[in-house]
Protein chains: 2
Amino acid sequence: MSASRFDSIRDLPLFAQMHQDSFDALTHGAFVQNFPPNMVMISEGEPADFLHIVQDGCVELFSTWNNHETSVTTLYKNSTFILAATIKDRPNLMSARTLQKSRIVMVPSENVRTVFRQDSAFAFAIVDELARCYRATIKNMKNLKLRSSLERLANYVLKQHHRHGDALAFDLPIEKRRLASYLGMTPENLSRAFNNLKPHGVAVSGQRIEILDLAALTAYAKPDRLIDDTTAEQAP
Amino acid sequence: MSASRFDSIRDLPLFAQMHQDSFDALTHGAFVQNFPPNMVMISEGEPADFLHIVQDGCVELFSTWNNHETSVTTLYKNSTFILAATIKDRPNLMSARTLQKSRIVMVPSENVRTVFRQDSAFAFAIVDELARCYRATIKNMKNLKLRSSLERLANYVLKQHHRHGDALAFDLPIEKRRLASYLGMTPENLSRAFNNLKPHGVAVSGQRIEILDLAALTAYAKPDRLIDDTTAEQAP
DNA sequence: CCGCCCGATTGATAATTGTCAAGCCGCACA
DNA sequence: TGTGCGGCTTGACAATTATCAATCGGGCGG
């Protein structure tokens, strides 16, 4: 049975509840592709021919305008992307590149649109996923518009702290220049921002972050569940 | 028949395709409410008890953090809001206030979630709306991260130009201080930004905008369909 | 083991954007 | 027709952020 190749995605929330027939129809013509690191898989403006699922590795979504580039988000194992463009049959708004060697499942958009109309469990899951992404993006925008770059960095450090099981020391999951772009600043500014976090209890050495004074950092960052709570929401 | 009060929303894309039974179930317990101008109808963090539809008037969605406020979008007649929070049964991420005397239809969120599960035409419409809002927000974020405030303003002027049927003169639809907040800048900076657009062919007097040199403005603004194309997408 | 390359850092400087204070202007209202 | 209020504008200044240039330093291939 050809579907066995796609067992790994069958249990993702987006596909878990759909009928097996629908899943088979969905994955008919789908395939798995391996990409080397730093490869642009998708360019913004192109039609969204495939729904993508990260089976393994790491993908950055980014956008470009007038020779500027900005990182929008980073996706890890089991994330899907290009869902909105796929459903609306519209061009991608973002480009995608691998950050590491990655294995990506590619499902023809045509299948997604067809099965979406036939299997209501799938349709519900899509609603859930779109609502989640939408809310995550609103939070992201609030973060950008309401905070200074130093405040954004402080909250980013706190978020990573929680991601790592409340550990007081951890490694950054991405390169600093990409983090800078994600946070809406230049690499130079990020470097200085890390220095400016020192008085707020953060020590940095290479990729390693140490929180020396969690209370001070939290007092400065003023995290807010309506901005920073990413229960199962995307971010790098 | 009680549904007659809701005739005006029956034809909106979100509700047009659903069965009449579903529509009746949806609007059972719904009501219309009139609000005076400048009234906060919804506060962020509160549960999303109702799906809101602007039947008449004008509503601003905004957010607050640490004594800062930012305008996220402005909605006019026939727009819906709080859909994502309603569907996910999660707290609102944004507050809402009327900018003018407004008439709002309020549909219990419980109804929305129930009918969404029963009427696939409604579910499809919700997917469409969520995908649209999501993409609009991504564009908004690209606008914020990739452009300077002057470039954002230039593109805003161009967008209004298209909204007004390519007219070279038109009135701003909202107060300047709200426009400033929407564009991510202070009112003072907006004032100066309008002055800085003069060399690019824009004249301002009060609410009135005149484009004296469309080619120059376009050359400066560099509009991009992946940021500025708002075919049926929300913005103030 | 060495040298190279690329990203990170630092310094100097400039551009952008925000803050504070004051004055202006149009409009609503008495 | 004053009068006052609120929003807009302007100016001076400060903070934030970007830019440009140079250096540092770690990892990798030869």
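Values in this document were obtained by computation on a predicted structure and should not be read as measured data. Every chain is numbered from 1 and lettered A, B, ... according to where its sequence line falls, protein lines coming before strand lines.
Between B:Leu197 atom CG and D:dT9 atom P there is a gap of 13 Å when expressed in whole angstrom units. Across the protein-nucleic acid pair, B:Leu179 atom CG and D:dC8 atom C1' stand 13 Å apart, rounded to whole Å. C:dG7 atom P lies 17 Å from atom CZ of A:Phe194, rounded to whole Å. Atom P of nucleotide D:dG7 and atom CG of B:Asn38 are separated by 8 Å, given to the nearest angstrom. Between the C1' atom of D:dG26 and the CD atom of A:Gln207 lies a distance of 12 Å, rounded to the nearest Å. One can place CG of B:Leu144 at 12 Å from P of C:dT17, the figure rounded to the nearest angstrom. Counting to the nearest Å, the P atom of D:dT16 and the CG atom of A:Leu153 are 14 Å from each other. The nearest whole Å value for the distance from the CE atom in A:Met185 to the P atom in D:dA15 is 19 Å.
Considering every non-hydrogen atom in both A:Leu61 and A:Phe81, the closest pair reads CD2-CD1, 3.8 Å. Considering all non-hydrogen atoms of both residues, B:Lys77 and B:Asp56 come closest at CD-OD1, 4.2 Å. Contact between B:Asp228 and B:Lys159 at its shortest, heavy atoms only, is O-CE, 3.7 Å. In terms of heavy atoms, B:Val105 sits closest to B:Val32 at CG2-CG2, 4.2 Å.
Both tests hold for A:Arg97 against A:Phe62: distance to the six-membered ring centre under 6.0 Å, angle to the ring axis within 45°. A cation-pi contact links B:Lys176 to B:Phe194, judged by a cut-off of 6.0 Å to the six-membered ring centre and 45° from its axis.
Taking 4.0 angstrom as the limit, A:Ser149 places a side-chain polar atom (N or O) nearer than this to OP1 or OP2 of D:dT17. Between A:Asn195 and C:dT10 there is a side-chain N or O to OP1 or OP2 distance below 4.0 Å.
The nearest heavy atom of DNA chain D to A:Arg147 and to B:Arg178 marks one nucleotide each, and the one closer to the 5' end goes with B:Arg178.
Around the CZ atom of A:Arg178, the shell of radius 6.0 Å holds more than 12 heavy atoms that belong to other residues, nucleotides or ligands.
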Between the protein and nucleotides 19-22 of chain D, are there any N/O to N/O pairs under 3.5 Å, and if so, what are the atom names and distances?
{"residue": "D:dT19", "atom": "O4", "partner": "A:Arg192", "partner atom": "NH2", "Å": "2.9"}
{"residue": "D:dC20", "atom": "N4", "partner": "A:Glu188", "partner atom": "OE2", "Å": "3.1"}

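For A:Asn155 (side chain) and A:Ala221 (main-chain N/O), a donor-acceptor pair under 3.5 Å exists by modelled atom type.
Taking the charged nitrogens against the carboxylate oxygens, A:Lys142 and B:Glu44 do have a contact shorter than 4.0 Å, which makes a salt bridge.
One axis for each end of the helix from C:dC1-D:dG30 to C:dA30-D:dT1, each built from five base pairs, and the angle between them comes to 30° at 10° resolution.
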